[in-house]
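Quick caveat: nothing in here was measured; it's all calculated off a predicted structure.
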Amino acid sequence: MTAHALPNPTELRLALRSRGFHPVPISRPTMNVNSAGKRPIMPAWERRCLDASPEEITRWGTLYPESTNTGLLCGHLAGVDIDVLQPALTDAIAEGARRILGPTPLERIGRGPKLLLGYRLAVPAEKIQTAALHFTDDPQEKPT
């Protein structure tokens, strides 16, 4: 998809829903809120996004116009978040994930070489989070 053909947030969310995902309206990156661009501002978003109808998703554009980013509700979707700034290490971790979990077409690159691999799950899962791993003694390796 070329930049000029990108859908607006409502079109994107409706397309995601039609493919079995649960879209979440996320604050735009320039909002004056904590974690702008990464967090929903909608109250009770976990419940509301799980069973949102196309009509409700369409209303989000009016109710939450500042929420121009879109996330995906996990449960039947899991993300392997490789939050590493060393390209060779990112590649090695991604290769290991693909070897264990299989290939996936759901891949997101944020601030490269950081990477997120998405997987659909047959059975919903709770979030599993590892402790922060540091690969060097450099205090700047991962900002806190």
Side-chain angles (χ1 to χ4, degrees), residues 1-87 89-135 139-144:
M1 191 176 284
T2 60
H4 67 277
L6 291 175
N8 68 43
T10 298
E11 291 169 343
L12 173 64
R13 294 168 187 159
L14 290 169
L16 288 165
R17 185 190 181 284
S18 74
R19 289 166 177 80
F21 295 100
H22 302 284
V24 179
I26 303 292
S27 60
R28 67 177 163 78
T30 56
M31 279 186 77
N32 188 21
V33 296
N34 288 340
S35 300
K38 295 186 174 190
R39 298 237 183 234
I41 57 173
M42 171 195 294
W45 61 269
E46 300 94 332
R47 179 189 50 76
R48 291 176 64 192
C49 295
L50 182 61
D51 58 8
S53 67
E55 294 78 21
E56 182 174 358
I57 291 171
T58 300
R59 283 193 298 272
W60 293 345
T62 303
L63 294 172
Y64 307 101
E66 298 292 317
S67 294
T68 57
N69 280 2
T70 298
L72 295 173
L73 193 63
C74 292
H76 280 285
L77 176 69
V80 177
D81 191 13
I82 305 170
D83 204 11
V84 177
L85 293 173
Q86 299 171 17
L89 190 52
T90 296
D91 291 344
I93 295 169
E95 181 181 316
R98 289 182 187 110
R99 185 175 55 254
I100 294 168
L101 302 171
T104 177
L106 303 174
E107 191 171 301
R108 180 193 178 275
I109 299 171
R111 190 179 85 190
K114 294 180 179 184
L115 177 67
L116 182 123
L117 303 174
Y119 291 90
R120 285 190 191 242
L121 305 176
V123 177
E126 294 290 323
K127 181 176 182 178
I128 300 170
Q129 186 168 341
T130 61
L133 301 173
H134 297 275
F135 299 99
Q140 297 301 313
E141 177 190 350
K142 182 175 180 180
T144 56

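Side-chain contact check for W60 versus C49: some heavy-atom pair is nearer than 4.5 Å. Under the 4.5 Å side-chain criterion, counting only non-hydrogen atoms from C-beta, R98 is in contact with E107.
The two residues T62 and P65 come nearest to each other via the heavy atoms O-CD, 3.3 Å. Nearest heavy atom pair, residue A97 against residue L117, reads CB-CD1, 3.9 Å. Residues L85 and K114 approach most closely at CD2-CE, 3.6 Å, considering heavy atoms. Here the closest non-hydrogen pair linking P23 and T70 is CB-CG2, 4.1 Å. G102 and Y119 make their closest contact through O-OH, 2.8 Å (heavy atoms, listed as atom of the first residue, atom of the second, distance).
The side-chain contact (heavy atoms from CB on, under 4.5 Å) check on A44 picks up R47, R48, with sequence neighbours excluded. By the side-chain contact (heavy atoms from CB on, under 4.5 Å) test, L77 pairs with F21, L72, L106, sequence neighbours left out. With sequence neighbours excluded, the residues satisfying side-chain contact (heavy atoms from CB on, under 4.5 Å) with T90 are I82, V84, P113, L115. Scored by the side-chain contact (heavy atoms from CB on, under 4.5 Å) test, E126 finds no partners at all (sequence neighbours excluded). Residues meeting the side chain to side chain donor-acceptor pair (under 3.5 Å) test with S53, sequence neighbours left out: E55.
The pair E56-R17 does not count as a salt bridge, with every side-chain nitrogen at least 4.0 angstrom from each carboxylate oxygen.
Of the possible donor and acceptor atoms, none in the side chain of H76 sits under 3.5 Å from a partner among the backbone N and O of R120. In this structure a side-chain-to-backbone donor-acceptor pair under 3.5 Å is missing from S27 to S67.
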If you look only at distance, which donor and acceptor atoms sit under 3.5 Å apart when one is on a side chain in residues 33-43 and the other is two or more places apart or in another chain?
from	atom 1	to	atom 2	distance (Å)
S35	OG	R39	NE	3.4

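The distance from atom CD1 of I57 to atom CD of E11, rounded to the nearest 0.5 Å, is 13.0 Å. Distance check, rounded to the nearest 0.5 Å: CG of L16 to CG of L73 gives 12.0 Å. Residue I26 holds its CD1 atom at 14.0 Å from CD of E66, rounded to the nearest 0.5 Å.
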